[in-house]
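Single-structure report; data block below.
Residue numbering restarts at 1 for every chain, and letters A, B, ... go by the order of the sequence lines.
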Number of protein chains: 2
Amino acid sequence: MPKSEEKATRIANRRRKPAFGILPDLIGYNLRQAQVAVFLDFAATVDGHDITPGQFGVLILIEANPGLNQSQLGVAMGVDRSTVVAVIDRLEARRLVARRPAPQDRRSYALELTPEGSRILAELRPEVLAHEARIAADLSPAEQRTLIDLLKRLCKPKR
Amino acid sequence: MPKSEEKATRIANRRRKPAFGILPDLIGYNLRQAQVAVFLDFAATVDGHDITPGQFGVLILIEANPGLNQSQLGVAMGVDRSTVVAVIDRLEARRLVARRPAPQDRRSYALELTPEGSRILAELRPEVLAHEARIAADLSPAEQRTLIDLLKRLCKPKR
DNA sequence: TATTGTTATACTCTATAACTATA
DNA sequence: TATAGTTATAGAGTATAACAATA
């Protein structure tokens with residue numbers, strides 16, 4: 001095969017878009033694709049703060065519920081309490097969250113934002129709102145509300 | 001504190017639902033919550049087949065594009081080609097996917113489903129469709145189409 | 001030079017099981 | 001007995017950087 005033909009074949013192969021079967025019709029697949037894209041935009045948005053969507057959620061939850069313990073945080077996030085340990089370890093090492101002694105129960109910690117954590121969160125909040133506006137730029141406000149409503153109703157069978 | 005009061009406090013703490021701040025208004029958060037719930041239902045649905053949504057997607061892609069190589073698969077899935085290696089390693093170890101010599105390019109493998117892989121996929125497909133119907137049970141067919149449309153339009157700014 | 005597959009390495013996220021201190 | 005936090009362990013999934021074989 002002559003060189004020019006090889007290259008043409010390679011480029012053709014690269015351009016020939018693969019078929020996706022039933023995937024584009026599946027809610028689960030589109031959910032996953034959307035989440036990957038949103039995650040990338042989030043990371044780019046808060047660049048310099050080095051924070052993940054999950055960590056942002058933890059900061060919001062602790063700010064909204066000061067004194068929350070790790071088990072309660074796990075329930076709120078939908079993860080096991082053993083998973084919470086490492087999450088809080090990372091945030092504590094960065095001095096964004098503190099484990100205080102819980103006044104009523106010596107088994108547990110009362111989680112709080114440090115002043116630095118509050119400051120970072122104050123900076124993050126408008127950035128995250130800008131990120132939200134950007135990912136949803138192609139959707140009207142009504143469509144954005146519809147999307148959130150539909151997402152909340154997934155996996156919630158009629159009662 | 002008397003025992004009965006302790007218990008009452010604990011139960012009250014457990015019942016007092018934490019506040020979620022701005023999270024419920026964020027598309028990213030609802031996307032994540034929905035994906036976790038969908039993933040759990042998927043795992044329960046294909047129980048016994050021990051397959052993840054990502055692995056199901058790989059099987060569908062290989063079936064729809066027999067002879068695809070690993071790099072092309074990575075592009076189609078949106079992951080690095082080094083990530084594809086371990087994914088295919090696992091599916092090959094389970095004899096669901098085979099690395100065949102690529103006819104035109106000795107650097108690459110032509111990926112194919114084994115007969116066992118085709119068989120499993122034939123079993124999985126109706127299970128996955130049932131799973132899709134279940135997670136979307138609270139949505140009308142029109143709402144399901146709307147949801148998929150809105151998800152596809154996320155992170156796709158107006159051109 | 002560019003591409004394919006691979007390895008080494010590292011990090012996040014996740015879970016289960018078992019342990020300890022405390023309730 | 002039950003709960004809170006922890007540790008050990010394991011596995012999936014992800015990425016970057018470098019390498020050999022091939023194009």
Nucleotide by nucleotide, nucleotides 9-19 of chain D touches protein heavy atoms under 4.0 Å in the pattern (B base, S sugar-phosphate only, - none) ---SSBBBB--
Can you check the A/Asn69 CG to D/dT6 C1' distance for me, whole Å? 14 Å
Taken to the nearest whole Å, CZ/A/Phe42 to P/C/dT12 is 15 Å
Report the distance from atom CZ of B/Arg106 to atom P of C/dT4, rounded to the nearest whole Å. 16 Å
Once you round it to whole Å, what is the distance between P of C/dT22 and CZ of A/Arg107? 10 Å
Specify whether B/Tyr29 and B/Phe20 have parallel, tilted or perpendicular ring planes, treating 30° as the upper limit for parallel and 60° as the lower limit for perpendicular. tilted
For B/Asp25, the side-chain hydrogen bond (donor to acceptor under 3.5 Å, both in side chains) test, sequence neighbours excluded, returns none
If you compare all heavy atoms of B/Leu26 against all heavy atoms of A/Phe56, which two are closest, and at what distance to 0.1 Å? CD1-CE2, 3.9 Å
Presence of A/Gln70 side-chain N/O under 4.0 Å of D/dT6 phosphate oxygens OP1/OP2: yes
For residues A/Val87 and A/Leu73, determine if any side-chain heavy atom of one lies less than 4.5 Å from a side-chain heavy atom of the other. no
note: A/Gln72, atom CD; D/dA4, atom C1'; distance rounded to Å ~ 10 Å
Nearest whole angstrom, please: distance from the P of C/dT12 to the CZ of A/Arg94. 10 Å
Taking every heavy atom of B/Ala64 against every heavy atom of A/Gly21, the minimum-distance pair comes out as CB-N, 4.2 Å
Between C/dC11 (P) and A/Leu91 (CG): distance, integer Å: 17 Å
Comparing nearest nucleotides in DNA chain D, the 5'-proximal residue of the pair A/Ser108, A/Asp89 is A/Ser108
Spell out, as yes or no, whether a donor-acceptor pair under 3.5 Å connects the side chain of B/Asn30 to the backbone of A/Lys152. no
For A/Ile88 and C/dT12, give me the distance from atom CD1 to atom P, rounded to whole Å. 14 Å
